[in-house]
Protein chains: 2
Amino acid sequence: MTAKRANYHHGDLRAGLVEATRQLVEEKGPDRFSVSDACRAAGVSTAAPYRHFNDRDEMLLAVCSEGMERFYDTMSAAVADKAPGTIETINDLGLAYIKFATSEPGVFRLSFGIAREHEGNPEIVERGQRIYGILLAQVAAYFGKPDVDDEVLERAFPLWTMVHGLSFLLIDEKITALDLQLDIETMMRENTRRLLAD
Amino acid sequence: MTAKRANYHHGDLRAGLVEATRQLVEEKGPDRFSVSDACRAAGVSTAAPYRHFNDRDEMLLAVCSEGMERFYDTMSAAVADKAPGTIETINDLGLAYIKFATSEPGVFRLSFGIAREHEGNPEIVERGQRIYGILLAQVAAYFGKPDVDDEVLERAFPLWTMVHGLSFLLIDEKITALDLQLDIETMMRENTRRLLAD
DNA sequence: TTGCCAAAGTTAGAAGCCCTAACATATGTA
DNA sequence: TACATATGTTAGGGCTTCTAACTTTGGCAA
């Protein structure tokens with residue numbers, strides 16, 4: 001990186017900074033990320049970002065928002081062309097969740113920290129709801145319901161907490177720290193089944 | 001705070017700084033915490049902490065370590081004087097986990113971030129293992145096993161992921177963000193039962 | 001085509017952060 | 001009582017985020 005550019009103007013600095021920020025967030029984590037680093041990577045002065053973002057947090061917000069769009073795509077792809085409402089499909093959706101968390105831990109962390117700090121930023125909340133909606137639809141189908149009612153909510157939620165917890169334990173390296181040898185896929189299949197049973 | 005002291009020496013600055021740090025971590029979160037703030041709270045100069053800690057991270061580590069001791073005590077208390085290896089007791093243990101996470105979210109976050117950054121700090125790892133050991137013992141008792149074998153590990157782990165995920169969703173305020181009305185206790189009881197079933 | 005305005009860069013610098021070096025004071029022990 | 005050591009202090013370097021004022025440039029109106 002640190003590409004020297006010939007022109008005074010960058011071309012698309014906003015996009016360049018978002019990408020640089022995303023990479024740095026994955027390398028160092030959201031809390032170790034610095035605006036200065038992103039500027040060096042994009043090859044601009046440290047004042048340049050403030051033409052496009054109000055502050056550091058807004059840069060992270062942009063990465064989060066864009067990342068959640070990818071998250072949604074990943075989750076959609078996991079259920080596309082599969083029999084809706086089967087345990088197998090629901091389990092694959094869970095595995096896709098874990099896959100995203102472990103392949104983009106920085107963005108994943110950002111997605112679950114940022115709404116707290118931005119007090120329910122509507123854009124982020126809406127993206128979160130769309131992602132969760134994929135699971136809700138599958139669980140509704142599993143129980144043969146035409147739409148999402150209270151029972152569907154009650155049965156879908158623990159599935160979420162399980163994959164969410166597993167994702168964090170994986171990216172925080174608690175599994176290796178406790179020397180747990182686990183076959184994630186087998187463990188998931190068994191317990192998705194258990195959580196959907198009576 | 002910002003207590004002016006009469007003496008040149010503080011008395012027990014290390015303990016004072018740990019407590020100030022703990023409070024600030026709860027107020028602002030581990031990433032927004034600053035050494036300067038802790039110094040102001042303890043009423044000392046910004047150079048004083050470096051007589052007791054190598055750097056900022058070591059101050060957070062001290063809070064984490066002390067916090068995990070409290071975490072262990074809370075978890076122990078939750079199973080003390082209860083019939084070991086019953087669903088009810090195992091569920092109460094899960095509720096204690098969630099209670100700690102929601103009442104001390106800063107310390108809870110610290111506990112699950114810090115081992116990653118300190119590459120398996122032995123003190124933290126040992127404390128984590130002791131806490132997890134409480135659950136393992138209960139699950140072993142549930143299955144009538146004399147000690148913790150592979151099956152116990154396989155059956156205990158999903159219980160952990162569920163309460164861990166639920167804890168994070170609660171402290172990151174995802175439940176309110178998604179307008180989920182949930183009775184946590186009922187939800188927990190039902191799904192602890194499901195995860196322990198065949 | 002030219003002229004000018006707004007967009008998007010720049011440098012300079014304020015205020016705050018972490019941490020170190022050098023200096024000051026108090027405490028415990030010989 | 002003397003003094004070594006522990007534990008405070010102030011001063012300052014080099015980093016950070018962000019603002020103010022200046023500069024360049026692209027695009028549109030006359």
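For the numbers below, each heavy atom of this structure counts, side chains included, while hydrogens, waters and symmetry mates do not. Quick note on labels: first sequence line is chain A, next is B, and so on, each numbered from 1.
Note: CG (B:L13) to P (C:dA26) measures 16 Å, nearest angstrom. Per the geometry, CG belonging to B:D57 stands 13 Å off C1' belonging to C:dC19, to the nearest Å. Distance, A:D37 CG to D:dC18 P: 14 Å, rounded to whole Å. To the nearest angstrom, P of D:dT16 lies 15 Å from CG of A:L60. For A:E58 and D:dC18, the CD to C1' distance is 13 Å, given to the nearest whole Å. Note: CZ (B:F53) to P (C:dC18) measures 14 Å, nearest angstrom. In this entry the distance linking CG of A:L17 with P of D:dC18 reads 13 Å, nearest Å. Rounded to whole angstrom, the span from the CG atom of B:L24 across to the P atom of C:dC17 amounts to 12 Å.
OP1 or OP2 of C:dT10 lies within a sub-4.0 Å distance of a side-chain N or O belonging to A:S45. Note on A:S36: a side-chain N or O is less than 4.0 Å away from OP1 or OP2 of D:dT17. For B:R56 and D:dT16, the shortest distance from a side-chain N or O to OP1 or OP2 is not below 4.0 Å. Residue B:H52 places at least one side-chain N or O closer than 4.0 Å to OP1 or OP2 of D:dG8.
Comparing C:dG9, D:dA20, D:dT9 by their nearest atom to the side chain of A:A47 picks out D:dA20. Comparing D:dC22, D:dG8, C:dC19 by their closest approach to the side chain of A:R51 singles out D:dC22. Side-chain proximity of B:V44 to the nucleotides C:dT10, D:dT9, D:dC18 is greatest for D:dT9. When the nucleotides D:dT16, D:dC18, C:dC18 are ranked by their closest atom to the side chain of A:D55, D:dC18 comes out on top.
Residues passing the side chain to side chain donor-acceptor pair (under 3.5 Å) test with A:S34 are A:D37, sequence neighbours excluded.
Closest approach of A:R189 to A:N91, counting heavy atoms only: N-OD1, 3.6 Å.
If you look at A:H164 and A:F108, their ring centroids are closer than 6.0 Å.
The existence of a salt bridge linking B:R109 and B:D172 is confirmed by a sub-4.0 Å separation between a basic side-chain nitrogen and an acidic carboxylate oxygen. Salt bridge status for A:R22 with A:E26: absent, with no side-chain N to carboxylate O gap under 4.0 Å.
Each of B:D12 and A:Y50 lies near DNA chain D, and the nucleotide nearest B:D12 is the one positioned closer to the 5' end.
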